[in-house]
Each structure stands twice: as structure tokens, then as C-alpha cells.
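Atoms within a ligand are numbered from 1 in the order they appear, just like the ligands themselves.
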Amino acid sequence: MNLMELDLKHIWHPCTQMKDCEVFPPIVAERAKGAWIYDSHGRPILDVISSRWCNLLGHCHPNVVAAVTSQLAQMEHVIFANFTHRPAVELCETLAPLLPPGLVRFNFSDSGSAAVECALKMSFQYQAQTGQSERTQFLCLFGGYHGETLGALSVGAVDLYSRLYKPLLFDAGRIEAPDCYRCPWEQHRDSCDVACLKRAEEVFERHGATTAALIVEPLLQGSAGMKIYPPRYLLGLRELCDAWGVLLIADEIATGFGRTGTLFACEQAGISPDIVCLSKGLTGGTLPMALTVTTDAIYQAFYDDYGAGKAFMHSHYSGTSLGCAAALAVLRTLKEESILDQSALRAQYFYEALTEELGTHRHVGEIRHLGLINAIELVENRHTKAPLPSGNRTGWHIFRYAIEQGLLLRPLGDVIYFNPPLTINKEELDFAVKTSAKAIRHILN
Ligand SMILES: *Cc1c(COP(=O)(O)O)cnc(C)c1O
């Protein structure tokens, strides 16, 4: 049996209907470099989704490889309760001044979902330990995605991932999120006065006094289909949280580290959350590691004599020195190679090229962009904005066609999106534009 057959004998791939593998079996990846993955026949595939939004600097960036290799030879991982080490301390020292102001206390874990669970428990316990034990609830946005564990699913509202598990989930208050492409007030996200914030105000009126925290993906609802909303809306949520004594958790797992054009998306709204969750780009996708970072005020509510029972009794595989070494190399590279400035230039070029190529296609409803992230929402009718019939699996067929042409897309339903490594070059972007347009035209002729 070859590798692919042996794979199908054993492996249950993530987020996949395995029966699809009968017609579309997994590709055997052999090596990866920069924005490219090479299969076992040496065929290159351009990874414009950064391998599930993780590979910030492309695959096998030499700085990251060198940092991890050298750390590995010295110490891979030690228990992080009672022990510390230089890579972890240096990472926090480096990251604290780069984060929105006030975020100075770091809790380590191993995945985005784990960072979210940590943030939920931390905010709940903070409220209880500051005389607010009636605050037992959470608020979130429709279309929000915060991971796949049961707590994260409870505050997530992408039905595809959570519908079936409803009986297992706790109730959270849900706010109708901005839907800028199909704005009920017929405004545009670049110029609107965020009339939709009224809906959030109404939910706060009902639940504000019993809520521990609101969790949001700042500016970009990734899994909902790369939906982009204006910074003013995020600022409005921050103001509502302040008015109601609710903590704000910013899930920057997808948006962090330059994905939206600034190092963190919160910067664009000029706000600081009370807690931020980081993962994915943190290690450049090299190793699974996550951070839940909070303020000194929250930290102090847990700080007491042991007998007071206020400690945060929460642990995970945490503080891996390998992950810290990778993250330090990522931050150093972002700075030394002015990656954000470079990617801002390419972001403008990419959006213009996509718009020129596909902007008038009759099935292209909207091309939206934030940083290097671009998303093409395909619709049945661009005037009524009616969606394509979901049974057609248009996005999936485009994905299959494109990968045969050497481009990895993996759309979200019928939203074709690009979230490439920040280091992608102009020629590679040209290839992405041409090939995705070819695939869209082929499937939606
Ligand atoms: C990917 C993602 C998560 C979950 O991270 P995992 O490492 O897959 O658990 C949470 N929130 C957002 C916004 C994400 O994009």
C-alpha cells in the first residue's frame, strides 16, 4: 500500500467528511518552504491560507528553524509550575510592550481553544473574587468562532460547528453581529455610523448586569466567512463593557501578529481588551502554543494567601521552551525585516489585482479585504445578493479544481479567501489571482 492508502486506513482528518476522500484523497505533503507545500511527486502547491492561518512567515522560515533547533538541543520542555526559563521570560518581556496597553500578565497553554477556555474561566473567577458573583454569564456575537472545545463552542455561534452539541453547551447571550455586505441599513463599513451597535446595546440592557465577559473576534469574524466590521463597532463594544462592568475578551488568535495590517486588530479601534487570546501566528505555526494575556488588575484579584483559595487552578501543557523560542524568532523577524510594512504594500497590490480580475464577475458579490486577508463572497445574484444554493458545494468544487492547478484555497462555504503568509511575494500573489479566477470561471462559467 502507498502512503495515501495507508492514511485512509488509519487517519481521521480534522474538519473533513471522510467520505469525500473517495473522490478527493489527501495529498501527501513531503516538504514545505516559504509559501509552498511540495507533494511526494515534488509538485508545488501555493499555500495562500497559511495552513489554517498559522504560518505567519511561510513554512520553515530559516530564523524560526534555527531558533527551535538550537533550543531543542538544550531543553525541550519542563514543568512550568515552580520552574521558569529564559525563552518564556524573554517572550513576555518582548511581547508586553507590543500588545495593547495594560496587558502584562501571561498564561501559557497549547491551542487557541485552550486559550479561550482559560479566558472564560479567568473572567468568571475574577468577577466572583471581586464581589460580583451574580456575573455568571457570557456574551458573544453571532457568527463568532472561538474554537472547538465545549466552552469555546458555547460562546461560538457558527452553527456548522456547534448545532449538534447544543445539549452539551452552556447558554450565552448572543448579539446580532454586523453584516456589512448585507447591511440592513444599506450603509458601507468604511463610512457608516454603526447603527447596528443598537442591537448590542439592547442585549447589554438585558444581560449586562449578570455578564462576566463579552468575547469577540476584533474586526474580522474569520470562520463566519472572513466578515469584516469597522473599528468603530469594536470601540462601541468596549464602551458598553465599561458602562456595564463587563470584561472584554479579544480573541486575536486569527487576527494577531499583523494579519489585519496592524500588529493586533484592537489597535485599529484604539482599545485595550481586559484579556487577549493569542495562538496561530504566535509561533509562526511551527509549534502549538497559545497565550491568554491579561491586566494586572485581574491578576491581583487572584493574588492572596494560599488559604484564601483564590489561585487560578488551571493548567495545561504550558510554557514549552520550544514554542517560546519559535515565538521570539517570529517577533524578531517581524521587526528586523519590516514585515508589516512590506506586507502592507503587497496587500494593496493584491486587492487591486483581485478586483481587476474578478470585480465584475456576475457571481462575485463582494471582494473585501483587511491587511493581506482578502475574501471573495460568491453569490447566485450580485444584485439581490442571494447566496448560491448550498447543495451545489460551489466552494468545494472550486477548491478541488484550484488544488489541481497548484493553489490551496479551502474556502469557507462559498467564500473564497486568501490569508497568505505575510512574506508572500508579488509573483506568488499574481499566481493566486490568476489561478483562483480560472477556478471560479471554470466552476461558475
Ligand atoms: C483557530 C481559532 C481558534 C481556535 O484555535 P485552535 O488552536 O484551533 O484551538 C479560536 N479563535 C479563533 C478566532 C480562531 O481563528
Hey, which atoms in ligand 1 end up nearer than 4.0 Å to a heavy atom of [X]?
X: K280; answer: 1 (C), 2 (C), 3 (C), 14 (C), 15 (O)
X: A254; answer: 15 (O)
X: G147; answer: 4 (C), 10 (C)
X: W53; answer: 15 (O)
X: S111; answer: 7 (O), 9 (O)
X: S113; answer: 4 (C), 5 (O), 6 (P), 9 (O)

> Based purely on interatomic distance, does E217 place a nitrogen or oxygen under 3.5 Å from a nitrogen or oxygen of ligand 1?
Replying inline: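 No, there is no polar N/O contact under 3.5 Å.
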> Quick check: does D251 get an N/O under 3.5 Å from an N/O on ligand 1?
Replying inline: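 Between D251 and ligand 1, an N or O pair is found under 3.5 Å apart.
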>> Measuring centre to centre across the rings, with the benzene-like ring taken for any Trp, is H61 within less than 6.0 Å of H59?
In response: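 Here the rings of H59 and H61 have centres that are no less than 6.0 Å from each other.
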Flag the pair [X] and [Y] as a salt bridge only when some basic side-chain nitrogen lies within less than 4.0 angstrom of an acidic carboxylate oxygen.
X: E366; Y: R189; result: yes
X: K385; Y: D179; result: no
X: R52; Y: D47; result: no

> Taking it one step at a time, do F80 and Y317 satisfy ring pair (Phe, Tyr, Trp, His ring centres under 6.0 Å)?
Replying inline: CA-CA 8 Å; F80 206 50; Y317 184 85; over 10 Å; no
> Do K280 and F257 meet the cation-pi criteria used here (NZ or CZ under 6.0 Å from the six-membered ring centre, within 45° of the axis)?
Replying inline: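 So K280 doesn't make the cation-pi contact.
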> Looking only at protein heavy atoms, which one is nearest to atom 8 (O) of ligand 1, and how far off is it?
Replying inline: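 Protein heavy atom with the smallest distance to atom 8 (O) of ligand 1: R52 NH1, 2.9 Å.
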>> Which residue and atom name correspond to the protein heavy atom nearest atom 7 (O) of ligand 1, and how close is it?
In response: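 For atom 7 (O) of ligand 1, the nearest protein heavy atom is G112 N, 2.8 Å.
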>> Can a side-chain donor-acceptor contact be found between E148 and S113 if the only test is distance below 3.5 angstrom?
In response: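 There is no such pair between these side chains.
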>> Can you classify the ring geometry of F431 versus W36 as parallel (below 30°), tilted (30 to 60°) or perpendicular (above 60°)?
In response: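 Rings of F431 and W36: tilted, 30 to 60°.
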>> Check contact between E148 and ligand 1, using heavy atoms of the residue and a distance below 4.0 angstrom.
In response: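 No.
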> What do you reckon, does V116 put a non-hydrogen atom under 4.0 Å from ligand 1?
Replying inline: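 Per 4.0 Å heavy-atom rule, V116 does not contact ligand 1.
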